Each structure stands twice: as structure tokens, then as C-alpha cells.
Amino acid sequence: MPVMSYIQAVTSALKEEMQRDEKVFVLGEDVGKKGGVFRATDGLYDEFGEYRALDTPLAESAIAGVGIGAAMYGMRPVAEMQFADFIMPAVNQIISEAARIRYRSNNDWNCPITIRAPYGGGVHGALYHSQSVEAVFANQPGLKIVMPSTPYDAKGLLKAAIRDNDPVLFFEHKRAYRLLKGEVPEDDYVLPIGKADVKREGSDITIITYGLCVHFALQAAEKLAEEGIDAHILDLRTVYPLDQEAIIEAAKKTGKVLLITEDNKEGSIISEVAAIISEHCLFDLDAPIQRLAGPDVPAMPYAPTMEKYFMMNPDKVEKAMRELAEF
Amino acid sequence: MPVMSYIQAVTSALKEEMQRDEKVFVLGEDVGKKGGVFRATDGLYDEFGEYRALDTPLAESAIAGVGIGAAMYGMRPVAEMQFADFIMPAVNQIISEAARIRYRSNNDWNCPITIRAPYGGGVHGALYHSQSVEAVFANQPGLKIVMPSTPYDAKGLLKAAIRDNDPVLFFEHKRAYRLLKGEVPEDDYVLPIGKADVKREGSDITIITYGLCVHFALQAAEKLAEEGIDAHILDLRTVYPLDQEAIIEAAKKTGKVLLITEDNKEGSIISEVAAIISEHCLFDLDAPIQRLAGPDVPAMPYAPTMEKYFMMNPDKVEKAMRELAEF
Amino acid sequence: MSTNRHQALGLSDEEVLDMYRTMLLARKLDERMWLLNRAGKIPFVISGQGQEATQIGAAFALDREKDYVAPYYRDMGVVLAFGMTSRELMLSAFAKAEDPNSGGRQMPSHFGQKKNNIITGSSPVTTQVPHAVGFALAAKMEKKDFVSFVTLGEGSSNQGDFHEGLNFAGVHKLPVITLVENNKYAISVPYEKQIAAEKVSDRAIGYGMPGYTVDGTDPLEVYQVVKEARDRALAGEGPTLIEAISYRLTAHSSDDDDRVYRNREEVDEAKNKDGLYRFEAYLEECGVLTEDAKSNYIKEIDQIVNDATDYAENAPYAEPESALKYVYEE
Amino acid sequence: MSTNRHQALGLSDEEVLDMYRTMLLARKLDERMWLLNRAGKIPFVISGQGQEATQIGAAFALDREKDYVAPYYRDMGVVLAFGMTSRELMLSAFAKAEDPNSGGRQMPSHFGQKKNNIITGSSPVTTQVPHAVGFALAAKMEKKDFVSFVTLGEGSSNQGDFHEGLNFAGVHKLPVITLVENNKYAISVPYEKQIAAEKVSDRAIGYGMPGYTVDGTDPLEVYQVVKEARDRALAGEGPTLIEAISYRLTAHSSDDDDRVYRNREEVDEAKNKDGLYRFEAYLEECGVLTEDAKSNYIKEIDQIVNDATDYAENAPYAEPESALKYVYEE
Ligand SMILES: Cc1ncc(C[n+]2csc(CCOP(=O)(O)OP(=O)(O)O)c2C)c(N)n1
Ligand SMILES: Cc1ncc(C[n+]2csc(CCOP(=O)(O)OP(=O)(O)O)c2C)c(N)n1
Ligand SMILES: [Mg+2]
Ligand SMILES: [Mg+2]
């Protein structure tokens with residue numbers, strides 16, 4: 001199997017889906033001629049032409065809203081928000097419209113749009129190019145939110161998102177783009193949206209996380225394995241709606257649970273994970289449910305000192321894992 | 001003490017603050033001549049003139065954004081979103097701007113805006129005039145979100161919000177407006193933002209909730225008291241950031257916790273409450289943390305059958321409380 | 001008979017009678033809904049009274065088989081013209097399960113019906129503008145010969161989505177027609193407190209498209225401008241912005257009391273210029289509408305409205321648990 | 001000496017020399033930042049090169065004691081004119097604790113400094129437009145004699161906030177001046193794929209305000225139009241929309257490679273029309289700027305830039321834990 005970077009996996013998913021289905025097209029700021037500011041849509045303009053790799057005006061609500069209209073017609077738009085931080089002007093279109101179209105029309109209409117956006121920090125992006133925004137949308141039935149942690153998952157889940165008949169938000173960690181590499185099949189494959197994935201089997205402590213933090217947890221787990229601490233790592237992959245069954249199973253497996261997110265702590269995805277566990281497996285727990293997250297400040301600062309203080313990393317994860325194991 | 005309805009409490013808070021401080025003004029759609037679609041700003045146009053009770057164009061991002069600008073200058077704008085559902089076009093201004101102004105300027109600038117909006121269902125408002133929207137904002141440090149449950153709290157907290165030097169979202173339950181009446185002092189008073197409030201002392205089960213659901217819980221508690229079930233009821237009042245101390249204390253008090261929200265369940269305010277409890281008082285619990293919430297569908301339908309199915313009410317609360325007591 | 005205005009536009013007598021009948025039907029259904037609301041039978045009405053001429057004039061200029069419409073809540077005239085039935089409208093007013101718009105999930109006048117090319121709408125105003133642009137983009141990409149047509153109130157033209165949607169359409173010369181139904185108020189707020197432009201159509205130049213302001217109480221004037229816009233759109237010449245000026249004859253909705261913010265003289269004056277009755281007079285004048293035909297229409301429509309009301313009133317609500325359905329594909 | 005252009009505008013020789021010096025300083029600081037970036041010393045630069053004439057022409061037409069500015073990320077010229085120092089700008093480029101804009105929290109060029117009436121800005125484009133309108137609303141309510149001034153790129157004028165903000169200002173005739181710095185690209189997307197209007201200023205009529213398009217490489221032309229706009233604003237005549245046409249001489253930012261989407265000839269042609277050097281030539285022609293004075297400026301500025309760089313490079317970062325401060329009032 002060829003080895004690909006995370007962003008190559010994204011690009012190849014887009015390309016293959018566009019080859020497979022004429023209705024698939026990408027739209028967004030600089031996605032055409034330039035091939036995207038991260039080059040995720042590189043080559044699509046040349047291969048598929050101006051309209052299927054459409055440079056839009058700088059207007060996120062229109063990118064989402066025009067995409068929603070095209071999706072209702074029967075196209076398969078893949079809209080790009082240049083940075084996840086800039087999805088905010090499109091919130092009304094996403095929450096009030098995309099998420100509610102099937103429901104409000106009693107199944108008469110549907111909205112098969114995919115909205116991709118690079119999220120996350122550790123790239124000197126400062127307050128507005130580093131954020132995790134999933135929590136804003138993770139209370140909106142009708143939406144699905146996918147956040148893959150590996151090139152393999154990125155490709156298989158992006159294909160699934162594009163083929164899904166409902167709106168999917170697809171957040172890609174921008175630091176993962178070139179940092180993470182992995183084997184990706186050349187054949188067409190899709191992975192199931194809505195299913196978490198065990199990334200490491202273990203028996204001492206359970207880590208539940210998603211996105212780039214999966215990578216940090218795996219790194220930390222290798223180190224802790226040398227000390228005889230055996231971590232079970234569940235990758236949520238779809239952060240909304242959550243895979244309750246997998247969460248419950250993973251929590252019960254070890255009875256000691258650490259939840260990790262790069263986002264601010266209060267009101268994050270892992271709050272819901274904690275709530276599910278405390279609702280369903282309270283008596284299986286041997287330790288309080290631990291949460292490791294960004295501090296509750298608006299977003300990570302630019303200066304390296306403060307960025308590092310905010311940003312998740314393997315050391316912070318390792319420390320929290322060890323503490324839990326020792327509980 | 002005079003008895004006032006919830007909406008009268010809101011109106012009198014606005015009026016008194018406008019009398020007290022010339023910098024305070026209200027702006028929004030139909031808040032001037034008409035006095036608001038719910039009449040929350042009734043009389044302000046006549047007393048304070050066109051500009052201090054300002055009818056704006058129909059454009060929520062401008063209502064928030066112009067208010068934010070005026071607040072940075074040093075005014076005390078109280079912006080009204082006609083329905084909480086229509087706050088969505090203003091999300092970018094609220095999250096990217098209001099919430100981050102103090103932080104991003106390293107304390108050089110601040111943004112003392114209050115944004116009021118009627119939320120909640122049970123009024124035949126259907127999908128877009130019934131929603132709880134607090135979860136969208138409850139992951140944004142820099143913001144405070146206040147949701148009062150009584151006329152007394154509404155007045156004291158709205159005054160506190162207006163005097164607060166940071167942005168406050170103030171959500172008023174539209175069904176509470178005329179349903180709830182209570183004693184409200186004639187003198188000036190403020191209540192602390194960020195503090196939960198015990199609305200009923202009890203020893204068997206702990207209910208933690210906010211908004212109109214406090215009222216339902218109190219009603220149910222009276223009934224259950226006859227059966228010898230003694231409920232402790234904590235009203236969050238400020239749903240972001242949460243009053244962790246009060247939550248932990250209330251949970252420990254009885255060891256049996258029921259969390260209630262009218263919002264959809266997954267990713268709601270009570271998910272964070274559950275996470276706090278499971279992090280801090282796991283070994284004090286005698287039962288799994290129960291959550292009672294709206295179903296995970298986009299929003300409540302219009303037809304009375306389906307609306308009732310979605311909407312929280314005293315019977316649903318009573319049933320959940322009884323089940324928990326019997327656990 | 002000398003050529004009259006509608007013949008000059010290429011409209012047959014049959015067609016204008018059909019227009020008249022549809023306007024009258026919209027008005028009568030609307031009036032009935034207010035009665036039902038005042039009788040406590042339906043919780044909410046929001047009304048198109050005073051705007052029927054705009055709506056019918058526009059809808060008849062479209063290809064009602066091919067074109068897609070994204071109407072707003074006052075557009076009963078548009079959806080009737082596009083094939084929604086009186087029963088269906090009443091089912092929606094009563095929030096019954098059989099309502100094709102939403103199965104009773106949405107408030108009345110939140111239209112949507114795929115089989116009739118009516119795009120589902122919501123309450124937050126102006127979100128439909130980018131949607132219509134999206135349909136037009138699909139038409140261009142797929143080389144289909146339809147246009148999309150979207151309406152909104154003049155107050156709603158102040159939303160960001162209006163600007164973003166129209167500019168997108170202008171840049172890509174998409175076949176979309178935007179009709180602003182300027183009824184002079186946004187709830188209580190009059191035009192001059194809403195919009196700084198003298199005319200809403202003054203905004204067109206900012207989006208590189210032609211803009212027109214027409215008398216929205218004259219269905220033929222609206223017909224003509226929409227027809228021309230449609231021709232341009234199909235010829236690849238891109239979008240058009242149209243403002244049709246009328247007046248909101250009722251309160252904003254059944255929840256509103258308009259006496260607080262506008263005086264009766266103003267309303268009465270507008271009632272004297274009611275487009276429905278002026279069109280009626282025109283058709284009578286040019287001999288197309290006879291006394292007999294008119295009373296037949298009135299009788300027929302009365303029956304239709306009664307039938308629709310009875311049918312809808314007796315229809316069942318959706319089951320409570322059906323509230324759980326159709327969040328995602330099933 | 002016969003009257004020259006700047007005297008006709010009421011600008012003294014001293015003032016135009018000050019303008020020139022500020023333009024040159026902005027350019028030199030900017031160039032240094034690119035060098036620092038390429039040397040790996042600062043992670044990011046976003047540049048005003050090519051737009052200094054617009055910025056300085058505009059800023060000098062304002063009352064720099066009273067007026068409030070909401071600049072966008074290319075506006076180094078504006079903030080220098082409003083009193084931000086070279087050291088302060090470099091502190092921001094190096095993300096040091098002493099940076100007055102944000103204490104090193106924001107990327108460089110995210111300006112804000114209360115004592116100099118520079119309103120704090122963010123990355124999401126166009127949000128500053130409603131803010132400036134809010135300041136103007138405050139001026140009107142409080143009967144103060146200041147105006148607010150806001151800038152943005154032409155691509156950013158497609159955001160909903162532009163529309164909503166300008167219409168609000170137009171309806172209430174607020175003293176706000178909106179300057180669109182049209183540098184012909186939004187990152188890689190050229191004007192014609194961004195904006196359907198022939199000119200951005202064509203949008204003014206839709207907001208009931210005058211609109212002007214001027215040559216943004218000529219500081220005097222910009223000065224004049226902003227001055228007139230300010231006079232109108234103070235006279236209660238409301239807002240103005242100004243478009244100043246220039247060209248982005250650098251890539252979008254230090255992260256961008258512009259060779260993918262525009263050819264070198266186009267860039268070179270624009271460099272030949274560089275407003276800074278054309279203004280220099282003008283001042284030399286009319287005898288205001290001597291060879292001596294010029295080389296003194298260059299020397300002085302070189303020193304300033306060196307000093308600022310050294311100072312900022314050696315300044316400390318904020319403590320890690322200070323990331324926790326100032327979420328709310330403390
Ligand atoms: C985003 C949003 N904000 C507020 C409302 C509440 N609202 C419903 S209709 C309306 C006025 C609309 O005025 P206009 O666009 O002129 O249309 P008209 O009702 O006059 O036909 C308002 C403020 C809404 N539906 N959506
Ligand atoms: C809301 C938002 N979307 C996207 C971006 C990313 N972005 C930064 S600058 C820019 C282009 C801006 O173009 P223009 O307004 O013409 O200003 P210029 O950079 O040319 O001066 C884009 C797309 C952003 N900052 N904010
Ligand atoms: Mg109107
Ligand atoms: Mg530009």
C-alpha cells in the first residue's frame with residue numbers, strides 16, 4: 001500500500017470522488033487556480049475545470065448557502081472553509097438550514113453537502129487560525145461531524161461524507177496535514193460515519209479522543225507501555241452524533257477513563273463523552289472520569305510561550321495517562 | 001413587594017438601567033415604536049426617544065456588530081435578538097468578536113454588550129421559534145450566558161448583565177414571560193452572574209437545571225414531597241461558565257443527580273454538568289447521573305402532538321425524579 | 001377588439017383569467033385562515049394579502065414545470081401557481097400529518113414541495129437567496145434550461161445573505177431571478193428605517209445585474225419584467241433583481257397589532273389600490289371577465305375553501321413519536 | 001512658486017513631507033519584516049506594500065486625535081499615522097509581551113491600541129465594518145465631533161457584514177467613512193471572480209450614500225476624497241464609501257506563493273506605478289523634497305527600523321501562564 005500524508009489522502013479522496021461522480025464538485029476560497037491555501041484541492045482545477053473546482057467570492061455564508069442549494073438540487077458539493085475559524089459567518093446556513101432540511105420538509109428534501117475545514121493549533125496560527133470549532137455544531141441533530149486522525153481514515157471517511165445523503169462537517173487537523181503519514185489503499189474504500197475505532201487495544205486505562213490527539217495518545221502509550229501501563233485508545237472519528245456503544249464498551253473495558261481534546265474544556269465534545277459514561281457505566285468505573293483539554297481561554301495565542309502552554313502535546317497526554325494509571 | 005410577571009421584570013430592569021445610566025440603550029428589530037414583538041421594551045421609545053430604543057434594520061449580524069462597536073466605545077448597548085433562533089446570523093460577531101475582544105487586545109479593549117433573546121418552546125412556535133440555543137455558545141470563553149428562571153432573578157441578573165464589563169448573552173424563556181409571576185423588589189438590586197442558586201433544599205435527590213425547567217422541577221417536587229421524596233433543586237442561572245462549586249456541592253448533598261434541560265440532549269449544558277460531577281464527585285454518587293432532555297431531533301415541531309412529545313413538562317420531570325428516587 | 005395590455009404581452013384571455021382566479025383563490029384562502037385563527041382553530045396566520053398581484057404575475061412568467069422557486073412566507077400565490085392545492089395549504093395551516101410542506105412540523109406558510117419544484121424554506125429570513133443561487137449554479141453546471149426564482153421581503157434584503165447570494169450570482173452570471181416584495185414594512189419598521197437606498201433595485205448595480213422597480217399591485221407589469229428576466233437568464237445573460245412595490249394589507253401576522261405603528265388612513269388608502277380588485281376591474285373593462293364568470297369563480301372558490309378547510313380540520317395529526325423521524329436518512 | 005496640488009488641497013509642505021516620511025517608514029518596516037521572516041526570525045508577515053499611498057492619504061485627512069480607526073491587516077500606514085511606533089510594530093511582529101496590540105497574542109498586523117484610537121481587530125474579515133458603524137452611532141448619540149474610519153479589502157466587501165453595516169450607517173446617516181483598499185486580488189482570486197460590480201463604489205447607492213473610486217496610488221487624491229467625506233460626516237450628512245484602487249505588490253502573505261495565479265509582468269507593471277515612488281517624484285518635482293532631505297529620511301528610517309528590530313528581538317515573550325489572563329475583567 002502506498003504511504004500518503006494526511007493531506008494527500010484528502011486530495012485523493014476528492015479526486016476519486018470527482019472522477020466517480022460528475023455531481024461532485026468543490027467550492028470555496030482559493031480552491032481553484034491556487035489549489036487551496038493548504039493545497040488540499042491541488043490539481044482539481046486542471047483536471048475538472050473551473051466550475052468543478054470553483055473559486056468563490058470571499059463570503060462563507062454564500063459558500064455554504066449556495067452549496068446547500070446545489071445539494072438540494074441533487075449535486076454533491078464539497079465546500080471548503082479556508083480555516084475552521086472562518087466557518088462562523090456560515091453558522092446560520094449550516095445550523096438553521098443544512099441541519100434541518102430533511103427534518104423540516106418531513107423527508108421531502110435532503111441536503112447532501114460536505115463542508116471541509118482545517119482546524120487545530122500548534123502552527124503559529126494564533127487566535128483565529130488555530131481553533132477547534134466542533135463544539136459549536138455538536139448539539140445540532142441533522143448534522144454529522146467527522147474528524148479523522150489518520151490518512152487512512154481521512155480518505156475513507158471523506159469519501160463516505162461525500163456519498164452521505166445528509167450534511168457532514170469534516171474537520172481536518174491542519175498540523176496533521178504534513179505531519180502524519182500512513183498507508184492508504186489505492187482501491188476505492190469507504191469507512192462508516194458514526195463509528196468510533198479502537199486504535200490501540202489495552203487493559204489498564206482507556207483513552208477516548210479524536211483528531212490529532214489520537215496521535216499524541218498513541219505516542220504516549222508507546223512510552224508508557226515500557227513502564228507496563230497498557231492503554232486502550234478509542235478514536236471517536238465521528239464526534240457528533242457520538243458512537244455511544246463504543247464509548248461505553250471502551251470505558252467498561254478498563255474502568256479508568258481519560259478523555260482528551262485540544263479544544264477548550266468546558267462544553268467540549270469530551271463533556272458529552274463523560275456524560276454518556278456517567279449515565280451508563282458509573283458502577284464500572286474505578287476512577288473519576290478525567291478530562292484533559294485546552295484551558296478555558298478564547299483561543300491559543302501566537303507567542304510560542306503561550307501557544308505551547310495552550311496546545312495539547314504528547315507530554316501533557318503522557319502525564320495525564322500516568323496519573324490515571326496510578327490512581 | 002410588588003408581584004410582577006417575568007416580562008415585566010425584564011422591562012423594569014431595562015427601564016431602571018436606562019434611567020440610571022445614559023450610556024445604556026436598547027437596539028433591535030421592532031424594539032422601538034412597537035416596543036418589541038413580546039413587548040419587552042414597551043414604553044422605552046416614549047421615555048427615552050428614538051435612539052435609545054432603536055429600531056434597527058433586519059440584520060442580526062449588524063445588530064450585534066454595531067452594538068459591539070458602540071460597546072467598545074463605551075456605551076452600554078442591550079441588543080435584542082427577536083427570537084433566540086435568529087441569533088445564528090450573528091454568531092460570527094458574538095463568538096469571533098465580542099467574546100475575544102478583551103483577550104485578543106491583552107486587556108486594552110473590552111466589550112460590555114448585553115444580548116437578550118427569548119428562547120424556548122411550548123408556544124406553538126415550531127422549529128424556528130422554540131429553540132434553545134445556549135449550547136452553541138457554551139464553549140466560548142469570554143462570553144457569559146445567563147438564563148434566569150424567575151421574575152426576581154430576571155430583573156437582578158439583567159441589571160448585572162448590563163453593568164458587566166464583558167459580553168453577556170441573556171436568554172429569557174418566552175413561555176415564562178407571562179406564565180411566571182413573582183415578587184420583585186422595587187429597589188435597585190443586582191444578582192451575581194456566575195452563581196447558581198438553590199431553589200429548594202432537599203435531601204433525597206438533586207435536580208440541577210435552569211430556565212423554565214426550574215419551574216417544572218419545583219412543581220414536580222411539591223407533588224413528590226407528598227410521597228415523602230424530598231428534592232434538592234439547584235438553578236444554574238448562569239449556564240456558562242458554570243458554577244462548579246455549587247454543582248459539586250449539590251451533587252454530593254444527595255448522591256443522586258437528575259439533570260434537566262429543554263434543549264436536545266447530546267452536547268447540551270447538562271452534558272458539561274454531568275462531566276463536572278463525574279470528574280469531581282464520582283465516589284459520592286449512589287446512582288448514575290440521569291439526564292432528562294429533549295430528543296435529538298433538530299427542533300420541536302409545530303403540530304401539538306409532536307410539540308408536546310418534544311417539550312419538557314412537569315409530568316416528564318416528575319416521572320424522572322421518581323425513578324431516580326427509587327433507584 | 002383592440003389589443004389590450006395582456007395581449008400585448010402575449011398572454012391569452014384564458015391565461016389572465018387563470019391568473020385572476022389564482023389571485024382570488026389565494027385571497028380567499030388567506031381570509032379564511034384569519035377567520036380560523038380568530039376562532040381559535042389554528043394558532044397562527046401570516047398573510048399574503050395585498051401581494052397576490054406580484055406573486056401571480058411573477059409565477060405565471062415562469063415555466064411552472066421546469067423552474068424552481070424558493071418562496072417566502074407570504075407567497076401563497078406563488079405556491080398555488082406552482083401546483084400546491086388548497087387542501088394542502090389548509091393541511092399546513094392546521095399542522096396535520098398530510099401537509100406536504102412539512103407534515104405539520106413547520107408553521108404554516110413555510111413552503112416546500114419537491115414534486116412541484118418548491119424548495120423547502122425556513123423562518124430565518126433570506127437564507128433562501130443563496131439556495132436559489134445554488135440551484136442556478138446547478139443549472140449552469142448541468143447545462144439545464146431552468147431558472148430559479150426567489151422572493152423575500154424588502155426588510156430581509158438587509159441581511160448579509162442577500163448581498164452574498166446576489167454577488168455570487170452576478171460573478172457567475174447565474175440564471176436566478178430575485179424578487180423583493182416591497183410591502184413597505186418589516187413588521188413595525190417602515191421602509192425608511194430599514195433601507196438607506198431610495199429603491200431596493202438600486203442594489204442591483206452592486207452585483208453587476210440589472211435592477212427594476214415595478215408596481216407590485218399590477219400583475220401584468222410584474223409578469224413582463226419577470227418574463228424578460230427569465231429570457232435573459234436562459235440566454236446566459238445572468239441574474240436580475242426585481243423590486244415589486246405593494247403594501248401589506250394585514251397586520252404582520254396573527255400575533256401582531258399594527259395599530260401601534262401605522263395609522264388606519266394609510267391602510268385604507270392601500271386597500272383602495274388593492275391589486276386584486278384592480279386586476280378584476282381591468283379584466284371586466286376589457287371584457288374578459290363577465291359578471292357571470294366572476295360569480296362562478298367566487299362560488300367555485302368558496303367551495304374549494306370550504307372543502308379544504310373541512311378536509312384539513314378532520315385530518316389527523318402526526319403521531320407524537322413521529323417527531324423522531326427523518327433527522328437523517330432512514 | 002505656482003500653486004501645486006497639495007497646496008490646492010490645503011496641505012503644507014511640512015505635511016506632505018510628513019506623509020512621504022510615513023509612507024517610506026511603512027515600506028521599510030514592511031520590507032524588513034519580510035527579511036526577518038525569510039531569515040526564520042518571525043513566523044509570518046502580511047504586507048501593505050503598494051497600498052501606503054492609500055493609507056497615508058486617508059489617515060492624514062482624518063483628525064488623528066479624535067477620530068477612531070478600524071484598520072485591516074495591511075494598514076501599517078494608517079496605524080503609524082495614528083501614533084503606533086515602529087518598535088511597537090516590531091514587537092508585534094516578534095510576538096513579544098510588550099506588543100501593545102495584543103501582548104503577542106495575535107498574529108502581526110492585527111492592530112489595536114486604545115490610546116491611539118485604533119480599534120482592536122481580528123482575522124475574520126469585515127467584522128470591523130459594523131464595529132466602526134457602532135462607533136459612529138455612539139458619536140451621533142453622544143453628539144461628539146469625531147468620525148470613524150474603517151478599511152477592508154475589496155474581496156472582503158463581499159461579506160454580509162459589509163452590507164449590513166453600511167446599510168445601518170446609511171439609514172441613520174452616521175459619521176463613518178468606509179475605505180475599500182482594492183488591490184485587485186483576494187489571495188489568488190482576481191477582482192472579476194470576486195465582485196460582479198464594475199466598481200466597488202457602485203455599491204454605495206444601495207446604502208444611500210455617495211460612493212467614489214479613486215487612484216489609491218495617489219495619496220493626494222485619497223486625501224481629498226476622505227477629507228470631503230469627513231466634512232460631510234461632521235456636517236450630519238452621513239457616511240461615504242470610498243474605493244481606492246492599487247495593487248498588492250507582494251504575495252498575499254509570507255505563506256503564499258503568488259506565481260501560481262498571476263504572472264510576473266503584471267506585478268512588474270504595478271511596481272512601475274508604485275505610489276510611494278511616484279509621490280517621491282512629485283515632491284521632488286515641486287521642489288519640496290531635496291536630495292539631501294531624502295537621504296536624511298532614508299538614513300533616519302534605517303536607524304528607526306534597526307532600532308525597532310533590535311529592541312523587539314531582545315524583548316521577552318509573555319510568560320506561558322499569562323495565556324490565562326484577561327478572559328474576563330480581572
Ligand atoms: C433572521 C431573522 N430575523 C428576524 C426574524 C423575525 N421576522 C420575521 S418576518 C420579519 C420582518 C420581515 O420583513 P420583510 O422582509 O419586509 O418581509 P414582510 O414580512 O414585510 O413581507 C421579522 C423581523 C426572522 N424571521 N428571521
Ligand atoms: C471570514 C474570513 N474568511 C477567510 C479568511 C482568509 N483570508 C484572509 S485574507 C483573505 C483575502 C482577502 O482579500 P481582500 O479582502 O481583497 O484583501 P487583501 O488581502 O487583498 O488586502 C482571505 C480569504 C479570513 N481572514 N476571514
Ligand atoms: Mg416588508
Ligand atoms: Mg484585495
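Quick caveat: nothing in here was measured; it's all calculated off a predicted structure. Below, read A as the first sequence line, B as the second, and so on, with proteins coming before strands; counting in each chain starts at 1.
Between the side chains of A:Tyr128 and B:Arg104, a donor-acceptor pair is found at a separation under 3.5 Å. Between the side chains of B:Tyr210 and B:Glu134, at least one donor-acceptor pair of N or O atoms lies under 3.5 Å. Judged purely by distance below 3.5 Å, without hydrogens or angles, the side chains of B:Arg291 and B:Thr261 never pair a donor atom with an acceptor atom.
With hydrogens and angles disregarded, a donor-acceptor distance shorter than 3.5 Å links the side chain of A:Glu307 to the backbone of A:His124. A donor-acceptor contact shorter than 3.5 Å is absent between the side chain of A:Ser132 and the backbone of A:Glu262. Put simply, the side chain of B:Ser130 never gets that close to the backbone of B:Gly121: no donor and acceptor are under 3.5 Å apart. Formation of a donor-acceptor pair under 3.5 Å by the A:Lys256 side chain with backbone atoms of A:Ala325 is found in this model. Remark: the backbone N or O of A:Glu29 is paired with a side-chain donor or acceptor of A:Gln82 at under 3.5 angstrom. A donor-acceptor contact shorter than 3.5 Å is absent between the side chain of A:Arg102 and the backbone of A:Asn110. At least one donor-acceptor pair closer than 3.5 Å links the side chain of B:Ser105 to the backbone N or O of B:Trp109.
Annotation: maximal heavy-atom pairing with chain A below 4.5 Å, among B:Val273, B:Ile94, B:Asp263, B:Leu259, occurs at B:Asp263. Heavy-atom pairs under 4.5 Å with chain A peak, among B:Ile269, B:Leu242, B:Val257, at B:Leu242. Across B:Ala274, B:Pro241, B:Ala99, the residue that shares the most heavy-atom pairs under 4.5 angstrom with chain A is B:Pro241. Here B:Ser96 is the residue among B:Ser96, B:Ser61, B:Ser268, B:Ala126 with the most heavy-atom pairs under 4.5 Å with chain A. Taking chain B as the reference chain and counting heavy-atom pairs below 4.5 Å, the highest number among A:Gln290, A:Glu60, A:Glu272, A:Met88 is found for A:Glu272.
No salt bridge links B:Glu249 with B:Lys253; every basic N to acidic carboxylate O contact stays at or beyond 4.0 Å.
Using a 4.5 Å cut-off between heavy atoms, B:Gln131 touches chain A through its side chain atoms alone. For A:Ile289, the parts sitting under 4.5 Å from any heavy atom of chain B are the backbone and the side chain alike. Looking at A:Val133, there are no atoms closer than 4.5 Å to chain B (heavy atoms on both sides), in backbone or side chain. For chain B, no part of A:Ile87 is nearby; none of its heavy atoms comes within less than 4.5 Å.
The side chain to side chain donor-acceptor pair (under 3.5 Å) test applied to B:Lys174 returns no partner, not counting sequence neighbours.
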Just list the side-chain donor-acceptor pairs under 3.5 Å for residues 292-302 of chain A, sequence neighbours left out, or say none.
from: A:Asp296; atom 1: OD1; to: A:Lys265; atom 2: N; distance (Å): 3.1
from: A:Asp296; atom 1: OD1; to: A:Glu266; atom 2: N; distance (Å): 3.2
from: A:Asp296; atom 1: OD2; to: A:Glu266; atom 2: N; distance (Å): 3.4

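Heavy-atom proximity under 4.5 angstrom to chain B picks out A:Ala138, A:Asn139, A:Gln140, A:Pro141 from residues 137-146 of chain A. When the heavy atoms of residues 275-288 of chain B are compared with those of chain A, the residues falling under 4.5 Å are B:Ala275, B:Ile276, B:Ser278, B:Glu279, B:Leu282, B:Phe283, B:Leu285, B:Asp286, B:Ala287, B:Pro288, listed by number.
In plain terms, the two heavy atoms of A:Ala250 and A:His232 that are nearest each other are CB-CD2, 4.0 Å.
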